Protein chains: 2
Amino acid sequence: MQQLEQIISSLRDEGLRITPQRIAIVDYLLKTEDHPSAELIHKVVRKRYPMVSLSTVYKTLDLLKEKKLVNEIEVEGEARFDAHTDEHINLICMKCGKIDDIDEEYLKEIQVKAAKKSKYLILKSNFELHGYCNSCKSKTKSI
Amino acid sequence: MQQLEQIISSLRDEGLRITPQRIAIVDYLLKTEDHPSAELIHKVVRKRYPMVSLSTVYKTLDLLKEKKLVNEIEVEGEARFDAHTDEHINLICMKCGKIDDIDEEYLKEIQVKAAKKSKYLILKSNFELHGYCNSCKSKTKSI
DNA sequence: ATATTATTAGGAATAATTCCTAATTAAGTG
DNA sequence: CACTTAATTAGGAATTATTCCTAATAATAT
């Protein structure tokens with residue numbers, strides 16, 4: 001897990017400017033367990049910095065993705081973001097839309113094996129399992 | 001790998017109508033190694049059935065997804081489709097956009113383990129590795 | 001303090017997908 | 001085979017997440 005200060009100084013080291021908008025976005029992503037959409041990030045960040053625009057949120061997310069400081073997955077035509085960037089499994093609830101992370105050490109090995117076999121140069125991985133979370137699953141049963 | 005006849009009769013058994021549009025779309029998906037987008041499917045199918053509309057392609061794909069006869073993955077804001085529906089890894093080239101499949105037997109085990117740990121009911125999985133394919137990789141090097 | 005230049009706000013433009021409806025047609029029935 | 005009816009389709013309009021554009025703003029170096 002990254003710290004806000006680390007990320008900020010790594011951005012500064014690359015000659016990028018540290019703006020309140022960027023700080024607020026990174027701060028929120030580090031603190032939340034959610035995998036928020038751009039719009040949700042915008043809504044949340046706006047509470048403290050009302051002038052932040054949605055286009056700035058998108059631009060900042062692009063920047064953070066490029067620097068590998070956040071991870072993006074697409075769920076039902078919408079991008080969802082996460083500061084948890086090491087290999088893991090994303091569990092996606094098809095009912096309530098929540099996303100949980102699970103670590104699985106064998107993923108790295110699978111990736112290396114697939115890279116060798118396919119001769120691809122792998123730059124990013126994304127392991128998704130879609131279904132119903134524990135709470136939505138039981139709600140269904142009781143109907 | 002499914003056969004066209006199997007799929008058609010399974011659709012018919014559910015009371016669905018067998019139309020030339022549906023046959024053409026399923027037939028193409030079964031024959032191709034590509035992971036075509038809806039638009040590409042439309043273009044290809046149109047050559048033989050010029051009257052097929054894009055909205056019918058989308059509707060048919062929805063139907064086939066629901067019946068678990070095709071798999072969908074989203075790449076750069078665009079859905080890509082594949083008749084290869086058992087667990088596998090999708091290798092996605094970030095340069096040319098091609099997608100290769102690789103089998104990996106341990107995926108099933110990982111999925112079961114994650115389901116147990118998370119208490120999710122898993123309905124669908126999607127394992128993606130993004131990077132450069134062998135050919136795009138070497139092109140980059142030579143620049 | 002000032003100059004420079006990256007960044008931002010805000011809205012317009014884009015593009016994949018979904019939605020809508022009248023026309024068509026697959027398939028069951030006598 | 002002709003007829004019925006309800007599913008399916010074509011075509012285009014509507015939707016929506018994201019990208020693009022540009023003048024205004026503000027972070028940073030000097």
Side-chain angles (χ1 to χ4, degrees), chain A residues 7-28 35-67 69-81 92 97 99, chain B residues 7-26 28 35-67 69-81 97 99:
Chain A
I7 291 180
I8 285 176
S9 65
S10 85
L11 292 177
R12 200 193 304 274
D13 290 350
E14 303 203 49
L16 296 165
R17 293 184 179 173
I18 307 308
T19 64
Q21 292 91 333
R22 287 177 174 172
I23 294 175
I25 292 165
V26 172
D27 185 49
Y28 169 50
H35 291 58
S37 65
E39 201 146 60
L40 180 56
I41 294 170
H42 185 222
K43 244 183 226 165
V44 171
V45 167
R46 230 160 205 249
K47 284 182 193 160
R48 276 200 288 161
Y49 300 87
M51 84 302 296
V52 76
S53 74
L54 183 57
S55 67
T56 294
V57 173
Y58 275 108
K59 268 218 163 163
T60 302
L61 289 169
D62 276 350
L63 181 76
L64 296 170
K65 274 190 289 176
E66 206 183 328
K67 304 297 170 202
L69 298 172
V70 307
N71 200 38
E72 176 188 17
I73 65 175
E74 277 192 53
V75 179
E76 292 176 36
E78 188 181 59
R80 306 274 296 265
F81 301 89
I92 302 164
I99 300 177
Chain B
I7 292 180
I8 285 176
S9 66
S10 86
L11 292 177
R12 199 193 305 272
D13 289 350
E14 302 205 47
L16 296 165
R17 293 189 179 171
I18 307 308
T19 64
Q21 292 91 334
R22 287 178 175 171
I23 294 174
I25 291 166
V26 172
Y28 169 51
H35 291 58
S37 64
E39 202 146 58
L40 180 56
I41 295 170
H42 185 221
K43 246 183 224 162
V44 170
V45 167
R46 232 161 204 248
K47 284 182 194 161
R48 279 200 288 160
Y49 300 88
M51 81 302 295
V52 76
S53 74
L54 184 56
S55 66
T56 294
V57 172
Y58 275 108
K59 267 217 165 162
T60 302
L61 289 168
D62 276 350
L63 180 77
L64 295 170
K65 275 190 289 176
E66 208 184 324
K67 303 297 170 202
L69 298 172
V70 307
N71 200 38
E72 175 187 18
I73 65 175
E74 277 194 52
V75 179
E76 291 175 38
E78 188 181 59
R80 305 275 295 266
F81 301 90
I99 300 176

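Values in this document were obtained by computation on a predicted structure and should not be read as measured data. Chain letters run A, B, ... following the sequence lines, proteins first and then strands; every chain starts at 1.
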Exercise. For DNA chain C, determine which residues of residues 36-50 of chain A have any heavy atom closer than 4.0 angstrom to one of its atoms, and list them numerically.
Key: none
Quiz prompt | Expected output: side-chain B:R80 to main-chain B:I73 donor-acceptor under 3.5 Å | solution = no
Self-check item: Value in whole Å for how far the C1' atom of D:dT16 lies from CD of B:E74
Solution: 13 Å
Quiz item: Taking protein heavy atoms under 4.0 Å as touching, what does nucleotides 21-30 of chain D look like 5' to 3' if B marks base contact, S marks sugar-phosphate-only contact and - marks none?
Solution: -----BBS--
Quiz item: Is B:E66 close to B:D62 at the side-chain level, that is, under 4.5 Å between some pair of heavy atoms?
Solution: no
Quiz prompt | Working for side chain to side chain contact (heavy atoms under 4.5 Å, CB included), residues B:F81 and B:N71 | solution = CA-CA 6 Å; B:F81 301 90; B:N71 200 38; over 6 Å; no
Practice problem: Report the residues that fulfil side-chain contact (heavy atoms from CB on, under 4.5 Å) with B:V44, sequence neighbours left out, ordered by chain and then residue number. | Solution: B:Y28, B:L40
Quiz prompt | Residue closer to the 5' end of DNA chain C, A:V57 versus B:D62 (nearest nucleotide) | solution = A:V57
Practice problem: Please state how far atom CD in B:E78 lies from atom P in D:dT19, giving the value in whole angstrom units. | Solution: 14 Å
Self-check item: Integer-rounded Å distance: C:dA26 C1' and B:L11 CG
Solution: 14 Å
Exercise. Take the protein atom CD of A:E76 and the nucleotide atom C1' of D:dA17, then report the distance between them rounded to whole Å.
Key: 14 Å
Self-check item: Contact under 4.0 Å: A:S53 side-chain N or O vs C:dT8 OP1/OP2
Solution: no
Quiz item: Quantified as the angle between the terminal helix axes (five pairs each), what is the overall bend of the helix from C:dA1-D:dT30 to C:dG30-D:dC1 to 10 degrees?
Solution: 40°
Quiz prompt | C:dT17 OP1/OP2 closer than 4.0 Å to side-chain N/O of B:Y58 | solution = yes
Self-check item: Heavy-atom check, side chain of B:L69 versus side chain of B:L63, under 4.5 Å
Solution: no
Quiz item: For the pair made of CD in A:E66 and P in D:dT19, what is the distance, rounded to whole Å?
Solution: 13 Å
Practice problem: Nearest whole angstrom, please: distance from the C1' of D:dT8 to the CG of B:L61. | Solution: 15 Å
Quiz prompt | Gap between atoms CE and P, on B:M51 and C:dA26 respectively (whole Å) | solution = 11 Å
Practice problem: Rounded off to whole Å, could you give me the CD-to-P distance for the B:E72 and C:dA16 pair? | Solution: 14 Å
Quiz prompt | Those residues that, when tested against B:E72, pass salt bridge (Lys or Arg N to Asp or Glu O under 4.0 Å) (two or more places apart) | solution = B:K65
Quiz item: Hey, which of these two, A:L54 or A:G15, hits DNA chain C nearer its 5' end, going by closest nucleotide?
Solution: A:G15
Quiz item: When you measure from the side chain of A:V52, which nucleotide among D:dT18, C:dA9, D:dA10 comes out closest?
Solution: C:dA9
Exercise. Go through the structure and list residues passing side chain to side chain donor-acceptor pair (under 3.5 Å) with B:S53, not counting sequence neighbours.
Key: B:S55, B:T56
Practice problem: For B:E14, enumerate each residue passing the salt bridge (Lys or Arg N to Asp or Glu O under 4.0 Å) test, keeping only those at least two apart in sequence or located in another chain. | Solution: B:K67
Which atom pairs, one a donor and one an acceptor, fall under 3.5 Å between side chains of residues 16-25 of chain A and the rest of the protein, sequence neighbours left out?
residue: A:T19; atom: OG1; partner: A:R22; partner atom: N; Å: 3.2
residue: A:R22; atom: NH1; partner: A:R17; partner atom: O; Å: 2.9

Quiz item: Counting N and O atoms only, with roles assigned by atom type, does the side chain of A:H42 sit under 3.5 Å from a partner on the main chain of A:V52, one being a donor and the other an acceptor?
Solution: yes
Quiz item: How about A:V26 and A:V70: do any of their side-chain heavy atoms sit closer than 4.5 Å?
Solution: no
Quiz prompt | Set of side-chain contact (heavy atoms from CB on, under 4.5 Å) partners for A:R48, sequence neighbours left out | solution = A:D27
